[in-house]
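Working notes, beginning with the structure itself.
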Amino acid sequence: MMSTNPIKAEKILNFKDKTYKARMSLDTIIRIEEALGCSILKVGNKLATADITLLEIINILTLSIRAGG
């Protein structure tokens, strides 16, 4: 079982029988902004209003899981 570090903004994500560690560092946030072409605050608003595409969600998950190792 992997442990998470709240100071490093790490979370465990479970998809079916696979477990991944995701990390939201400043570098990851910058990469997300570059990939989506908008600020992280706009990404949060898109999530809150359910106005986000599946491709955008996949980009966010991919970048955060890569950052988590």
Scanning both residues in full, the closest heavy-atom pair of Glu56 with Asp51 reads OE1-O, 4.4 Å

Supply the atom-to-atom distance Leu63 CG to Ser25 OG, rounded to the nearest 0.5 angstrom.
-> 10.0 Å

Say you draw a straight line from CE of Met24 to CD1 of Ile40; how long is it, rounded to the nearest 0.5 Å?
-> 6.0 Å

Within one Ile-Leu-Val-Met-Phe-Trp-Tyr cluster: Leu61 and Ile30, side-chain cutoff 4.5 Å = no

Please round to the nearest 0.5 Å and tell me the distance separating atom CZ of Arg31 and atom CD1 of Ile29.
-> 12.5 Å

Between Thr28 and Ala67, what is the shortest heavy-atom contact and its length?
-> OG1-CB, 3.1 Å

OG1 of Thr53 to CG of Asn59: how many Å apart, nearest 0.5 Å?
-> 8.0 Å

Separation between SG of Cys38 and CD of Glu33, rounded to the nearest 0.5 Å = 7.5 Å

Do you reckon Leu54 sits in the same ILVMFWY cluster as Leu13, going by side-chain contacts under 4.5 Å, direct or chained?
-> no

Could you state the interatomic distance from CG (Leu47) to CD1 (Ile57), rounded to the nearest 0.5 Å?
-> 6.5 Å

